[in-house]
Engineer: 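Quick one: the structure is below, questions incoming.
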Amino acid sequence: MVISVQWADRLKRLPPYLFAEIDRQKKEARARGADLIDLGIGDPDIPSPSHVIEALARAARDPRTHRYPDYEGLLAFREAAAAWYRRQFGVTLDPAAEVLTLIGSKEGTAHIPLAFCNPGDVVLVPDPGYPVYQAGTLFAGAEPYFLPLRGDHDFLPDLDAVPAEVARRARMIFLNYPNNPTAACAPLEFFERLVRFAERWGLIVCHDAMYSEIRFDGERPPSFLQVPAPGRSGSSFTPCPRPTP
């Protein structure tokens, strides 16, 4: 007897994963004898720094690391992350309540729509952008609404162009600055407009700032959290003066 196995409907909605498709095409090109310069997915081709390897080795020899961590991640790590955030952005976060440890950034990006979106909700997704923004949205049964990033608008989404009927259904907006693939940086003034937009429509802002440390010429890309929420004295973060370079 032959059993036909059907994919779940949520999987049928997913487009082909971009990086997997690129890898397939690279393999085909190399099989044809092509000499490729690979500028694809960010995977360093140099060894990790020796001090990182040494720290990993020390941690592996420590019996305290051989147990499950807390579900939120080790408090010591979250305190270190909060301290780093204050140094880099001048923002105070509560490590016990406002910092969460993840297996990796993709885990958080893919799963956050599952926590906040219901079928039929809308998620605002930059285009071009990281494919997982769309995939996580579809897994949650929500609908992606793409925000074009164009050079004539400094590769920032035009928030005023989002139709009111879309904004009313939206629960979340993804943004990635410094941006991949355009390399654009969003100024603090844009984040101030974004806060007003999110307040108006009741949106959760997901600022994917994973490239914050890749910068040149002394530029310090801001964080969305540097903008206090308007009209809220009890904001969950406390801006302080920017650190000097």
Side-chain angles (χ1 to χ4, degrees), residues 41-44 47-116 126 129-130 132-133 136 172-180 183 185-188 190-192 194-195 198 203-216 218-229 232-245:
I41 190 168
D43 186 9
S48 298
S50 59
H51 70 276
V52 174
I53 300 298
E54 292 165 3
L56 285 170
R58 286 197 303 272
R61 287 190 291 266
D62 186 344
R64 293 174 299 176
T65 65
H66 298 185
R67 305 288 299 276
Y68 285 158
D70 297 335
Y71 293 109
E72 300 88 356
L74 293 175
L75 181 59
F77 174 81
R78 288 181 284 147
E79 289 173 339
W84 178 88
Y85 214 91
R86 183 175 177 84
R87 288 195 307 271
Q88 295 299 101
F89 301 109
V91 172
T92 299
L93 299 171
D94 180 353
E98 297 175 326
V99 180
L100 180 67
T101 304
L102 302 173
I103 297 172
S105 61
K106 182 181 289 187
E107 178 202 12
T109 303
H111 289 170
I112 194 167
L114 290 172
F116 295 104
Y130 187 34
V132 178
Y133 304 148
M172 184 179 299
I173 179 171
F174 279 110
L175 290 169
N176 168 223
Y177 293 102
N179 184 258
N180 181 7
C185 288
L188 198 60
F190 170 77
F191 287 139
E192 290 170 348
L194 176 63
V195 166
L203 297 180
I204 296 168
V205 176
C206 298
H207 178 201
D208 180 359
M210 69 175 303
Y211 300 107
S212 67
E213 302 311 291
I214 301 178
R215 56 182 188 254
F216 302 95
E219 183 164 3
R220 297 180 68 88
S223 164
F224 162 74
L225 291 183
Q226 288 175 263
V227 182
R232 290 185 181 175
S233 58
S235 175
S236 62
F237 48 85
T238 306
C240 66
R242 293 284 299 280
T244 55

Engineer: For the residue pair Leu203 and Met172, what are the closest heavy atoms and their distance?
Structural biologist: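 Taking every non-hydrogen atom into account, CD2-N, 3.8 Å.
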
Engineer: Contact between Ser212 and Gln88 at the side-chain level, heavy atoms closer than 4.5 Å - yes or no?
Structural biologist: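 No, their side chains stay 4.5 Å or more apart.
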
Engineer: Quick check for you: to the nearest 0.5 Å, what is the distance between Glu213 atom CD and Arg220 atom CZ?
Structural biologist: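 The CZ atom of Arg220 is 8.0 Å from CD of Glu213, to the nearest 0.5 Å.
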
Engineer: Do Pro126 and Tyr133 touch side chain to side chain, with heavy atoms closer than 4.5 Å?
Structural biologist: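 Yes. Closest side-chain heavy atoms under 4.5 Å.
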
Engineer: So do Phe77 and Pro69 actually touch side chain to side chain, heavy atoms under 4.5 Å?
Structural biologist: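 No; the side chains remain at least 4.5 Å from each other.
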
Engineer: Angle class for the His207/Phe191 ring planes (parallel below 30°, perpendicular above 60°, tilted otherwise)?
Structural biologist: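 Taking Phe191 first and then His207, their aromatic rings sit tilted (interplane angle of 30° to 60°).
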
Engineer: Closer than 3.5 angstrom, by distance alone: can the side chain of Gln226 be matched with the main-chain N or O of Ser223 as a donor-acceptor pair?
Structural biologist: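 Yes, Gln226 side chain to Ser223 backbone: donor-acceptor pair under 3.5 Å.
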
Engineer: Strictly distance-based, threshold 3.5 Å: is any side-chain N or O of His66 a donor or acceptor partner for the main-chain N or O of Ala60?
Structural biologist: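 At least one qualifying donor-acceptor pair exists.
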
Engineer: Going through the distances and angles, do Tyr85 and Leu225 end up as a side chain to side chain contact (heavy atoms under 4.5 Å, CB included)?
Structural biologist: CA-CA 10 Å; Tyr85 214 91; Leu225 291 183; 4.0 Å; yes

Engineer: Of the non-hydrogen atoms in Ala198 and Val205, which two are nearest, and what is the gap between them?
Structural biologist: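 Result for this residue pair: CB-CG2, 3.7 Å.
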
Engineer: Less than 4.5 Å apart, any side-chain heavy atom of Pro222 and any of Phe190?
Structural biologist: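 Of all side-chain heavy-atom pairs linking Phe190 with Pro222, none is under 4.5 Å.
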
Engineer: For Asp208 and Tyr130, which I'm curious about, is there any donor-acceptor pair between the side chains at under 3.5 Å?
Structural biologist: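 No donor-acceptor contact under 3.5 Å links the two side chains.
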
Engineer: Do Phe89 and Trp84 have side-chain heavy atoms sitting under 4.5 Å apart?
Structural biologist: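 Yes, at least one pair of side-chain atoms sits under 4.5 Å.
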
Engineer: Indicate the atoms forming the closest heavy-atom contact of Cys206 with Ile112, along with that distance.
Structural biologist: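 Looks like SG-CD1, 3.7 Å.
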
Engineer: With the side chain counted from C-beta on, respond yes when Pro178 and Arg215 share a heavy-atom pair under 4.5 Å apart, and no when they do not.
Structural biologist: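 No, side chains not in contact.
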
Engineer: For a quick test of reading the model, state the closest non-hydrogen atom pair linking Leu93 to Ala82 and the distance between them.
Structural biologist: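 Looking at all heavy atoms of both residues, the closest pair is O-CB, 3.8 Å.
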
Engineer: So, the side chain of Asp70 versus the backbone of Glu72: is there a donor-acceptor pair under 3.5 Å, distance only?
Structural biologist: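 Checked: no pair found.
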
Engineer: For a quick test of reading the model, state the closest non-hydrogen atom pair linking Phe174 to Thr109 and the distance between them.
Structural biologist: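 Nearest heavy atoms, Phe174 then Thr109: CZ-O, 3.7 Å.
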
Engineer: Please determine whether side chain to side chain contact (heavy atoms under 4.5 Å, CB included) holds for the pair Leu194 and Ile173, giving the CA-CA distance in whole Å, both sets of side-chain angles, and the decisive distance to 0.1 Å.
Structural biologist: CA-CA 10 Å; Leu194 176 63; Ile173 179 171; 4.1 Å; yes

Engineer: How many angstroms lie between CD1 in Ile53 and CZ in Arg58, if you round to the nearest 0.5 Å?
Structural biologist: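 These two atoms lie 11.5 Å from each other.
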
Engineer: How long is the straight-line distance from CG of Asn176 back to CG of Asn179, given to the nearest 0.5 Å?
Structural biologist: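 With rounding to 0.5 Å, CG (Asn179) is 5.0 Å from CG (Asn176).
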
Engineer: Should Asn180 and Tyr211 count as side-chain neighbours, where that means a heavy-atom distance under 4.5 Å?
Structural biologist: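 Yes, side chains in contact.
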
Engineer: Any sub-3.5 Å donor-acceptor pair from Arg78's side-chain atoms to Gly73's backbone N or O?
Structural biologist: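 Present.
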
